[in-house]
Amino acid sequence: MRILAAVAIAGAALAAAATAAAPVTLTLASSAPAVAYGKSIALTGILSTKRANQPVSISALQCGTTNAKKVATVKTVTDGAYKAAVTPVVGTTYQATQKKVKSNTVAVAVAPVVKLMRVKRGSYTASVTAGLDLKGKAILFQRYSKVKKRWVQVKRVVLATSAAGTPKPTVVSSVSFTAKAPKRARVRAAISKAQAAPCYVKATSNVVRA
C-alpha cells in the first residue's frame, strides 16, 4: 500500500510539474477572411494562462510594406479572451503579442468598393474606392445573360481620373463611358483579381438596369 501511495504521489507531482512547465500560448483569429474597403473586422484570441486584464498588442503588416506597426492594444477578459476591431486599408497580416509571447499570423484580404451609376440610356459612370490610387486600372462592364445564366463582358474601360476621399488614405478612381446593352438588362461593373492585385482582391459593383 505504501508503495502504491508513493507511486501515486510521484505521478501527481510529475503531472503538476508538467502542467506548470506548459508554455504560454496566444491565439489569433479574424471574423472574416476578407472585408470591403472601409469596413472593420474583429480579431479575437485567447491567452492560455486564462488571466484577465493582461495587455495584448496587435501589429499589422500591410501589403507593400516590410515593417509591421502596432494598431491596437487591448486587455484580456474572463478566461484570457480578448477582442480588437481593426479596419485594414489594404491586404494586411495581423499578429498579437503578450509580453514575449506571439500568436499565429492572420491574413485579411481587402476588396475595393466598386460603384456603377447609370447617367442616361447607354451612359454610365463607374468608380472604385480604395486606399490606393487605382487610376489606370481596367474594369469590366458586364450584363447578365438570361440565356447563358451568367455575367458576360460588354466592355472593358480604364479608370481615368482619381480624387482624394475621406477618411484618409481613401482615393476614388472613376471613369465615365458609353456602352450598349439590351434595354432593362441587369448590368454591373467589376474589377478582376489581376487588376486589383497586389494589394486588393476582385470586386463587383451594385447592379443597375440598362
Side-chain angles (χ1 to χ4, degrees), residues 30-43 58 60-65 69 71-72 84-94 106-210:
S30 66
S31 57
V35 66
Y37 178 80
K39 299 296 184 181
S40 298
I41 59 165
L43 297 178
I58 308 293
L61 180 62
Q62 295 185 334
C63 172
T65 65
K69 294 183 178 180
V71 293
V86 293
T87 307
V89 295
V90 293
T92 303
T93 298
Y94 294 96
V106 171
V108 177
V110 178
V113 176
V114 185
K115 183 178 180 180
L116 179 66
M117 183 176 68
R118 178 184 182 274
V119 179
K120 61 182 181 179
R121 175 78 173 132
S123 180
Y124 305 88
T125 295
S127 64
V128 180
T129 302
L132 298 174
D133 189 349
L134 297 181
K135 178 182 176 181
K137 297 285 188 176
I139 61 171
L140 304 176
F141 179 70
Q142 303 172 324
R143 68 174 178 83
Y144 187 77
S145 172
K146 293 182 179 179
V147 175
K148 297 181 179 179
K149 294 182 179 180
R150 64 180 177 84
W151 291 93
V152 296
Q153 182 177 329
V154 176
K155 190 172 187 178
R156 181 179 185 272
V157 293
V158 176
L159 295 168
T161 62
S162 60
T166 54
K168 291 182 178 181
T170 302
V171 179
V172 181
S173 305
S174 60
V175 60
S176 295
F177 62 95
T178 58
K180 293 181 179 180
K183 189 175 182 179
R184 298 296 297 166
R186 296 168 63 202
V187 295
R188 71 181 187 182
I191 185 167
S192 67
K193 180 180 179 180
Q195 291 295 311
C199 294
Y200 295 103
V201 294
K202 65 181 181 179
T204 55
S205 75
N206 54 302
V207 175
V208 300
R209 294 287 182 175

Minimal non-hydrogen separation, [X] against [Y], with atom names:
X    : Y    : answer
V108 : A34  : CG1-CA, 4.5 Å
V90  : C63  : CG2-N, 3.7 Å
V89  : V110 : O-CG1, 4.2 Å
P167 : Y37  : O-OH, 4.3 Å
A179 : V154 : CB-CG1, 4.5 Å
I139 : A126 : CD1-CB, 3.4 Å

Rounded to the nearest 0.5 Å, what separates atom [atom1] in [X] from atom [atom2] in [Y]?
X    : Y    : atom1 : atom2 : answer
L116 : T204 : CG    : OG1   : 11.0 Å
I41  : T92  : CD1   : OG1   : 8.5 Å
C199 : Q62  : SG    : CD    : 9.0 Å
L134 : Q195 : CG    : CD    : 9.5 Å

Taking the side chain as everything from C-beta on, heavy atoms only, tell me whether [X] gets closer than 4.5 Å to [Y].
X    : Y    : result
D133 : S173 : yes
V128 : L159 : yes
V171 : L132 : no
K155 : T178 : yes

Exercise for review: Just jot down the ring-ring contact (aromatic ring centres under 6.0 Å, His included) partners of F141, sequence neighbours excluded, or say none.
Suggested key: Y124, F177
Practice item. Can you run down the side-chain hydrogen bond (donor to acceptor under 3.5 Å, both in side chains) pairs that involve residues 135-146, sequence neighbours left out, and say none if there aren't any? Key: Q142-R188
**Study point:** Residues in side-chain contact (heavy atoms from CB on, under 4.5 Å) contact with R184, at least two apart in sequence or another chain
**Key:** R209
